[in-house]
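What follows is a set of notes on a single structure, which appears directly below.
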Amino acid sequence: MRSVTYSMNVSLDGYIVGPDGGFDWSVPGEDVFRFWIDEIRDVGVHLMGRRLYETMLYWETAEQDPALDDAGREWAALWNPLPKVVFSTTLSTVRGHARLASGGVAEEIERLRAEPGEGEIAIGGATLAAEAAASGLIDEYRAMVYPVLVGGGISFFPRNERRVDLELVETRTYSSNVVYLRHRVTR
């Protein structure tokens, strides 16, 4: 069965964006960006909400940006053909290899797991992850922890989730003092 992973950049105090909605503190250094390039290779489909979808739209045309470096080109070449499912009540269309979800997160994950397909089902976005977690559908939590306290905003972890026991699978420390934590849900 395809694994469901939830991966995001997160502040040390547990937020994916600060109280002002900003996430400029999470611009990846070269080594962290290389990690995300390697990580996306294992993804078969990416689930995201409207905000993340709109943030990632840059990559649809990034190859036309003369300032784009080789790593950026490599990311775009992997990201653009990747199937994406966007959950939104306000968007009527999406671009590229994305489609609007027709149901809830749990229904979409179950449908994707039932279909033939390879690669992980990746979730980006705290709201979607909270819905998937409430249904017990997340298999791994992957946090790229940045050395900053933002004091509030959107939490990486849902605040009303039941207890979930985790097993530490992997850690990495990067030159920018960013720490990667990968935990598997124990069942």
With side chains defined as the heavy atoms from C-beta onward, is the minimum distance between [X] and [Y] less than 4.5 Å?
X: Pro147; Y: Val178; value: yes
X: Leu47; Y: Leu112; value: yes
X: Arg113; Y: Val4; value: yes

Donor-acceptor contact present, side-chain Glu60 to main-chain Leu57, <3.5 Å: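 A pair under 3.5 Å: no.
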Short side-chain to backbone donor-acceptor contact, Thr186 and Asp165, under 3.5 Å: yes
Neighbour count >12 (heavy atoms, 6.0 Å) for atom [atom1], [X]:
X: Arg51; atom1: CZ; value: no
X: Glu167; atom1: CD; value: yes
X: Glu30; atom1: CD; value: no
X: Glu118; atom1: CD; value: no

Candidate pair Arg142 and Glu120, rule salt bridge (Lys or Arg N to Asp or Glu O under 4.0 Å), full reasoning: CA-CA 13 Å; Arg142 299 174 181 178; Glu120 299 166 351; 3.0 Å; yes
Contacts of Arg41 that satisfy salt bridge (Lys or Arg N to Asp or Glu O under 4.0 Å) - sequence neighbours left out: Asp38, Glu74
Ring centre gap for Tyr6 and Phe156 strictly below 6.0 Å: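 Yes, ring centres under 6.0 Å apart.
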If the plane angle is over 60° it's perpendicular, under 30° parallel, otherwise tilted; pick one for [X] and [Y].
X: Phe157; Y: Tyr141; result: tilted
X: His46; Y: Trp79; result: perpendicular
X: Tyr146; Y: Trp25; result: perpendicular

Selection residues 3-28 - residue pairs positive for salt bridge (Lys or Arg N to Asp or Glu O under 4.0 Å), sequence neighbours left out: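 Output for this query is empty, none listed.
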Side chain to side chain donor-acceptor pair (under 3.5 Å) partner of Asp139, chosen from Arg184, Arg2, Arg187: Arg187
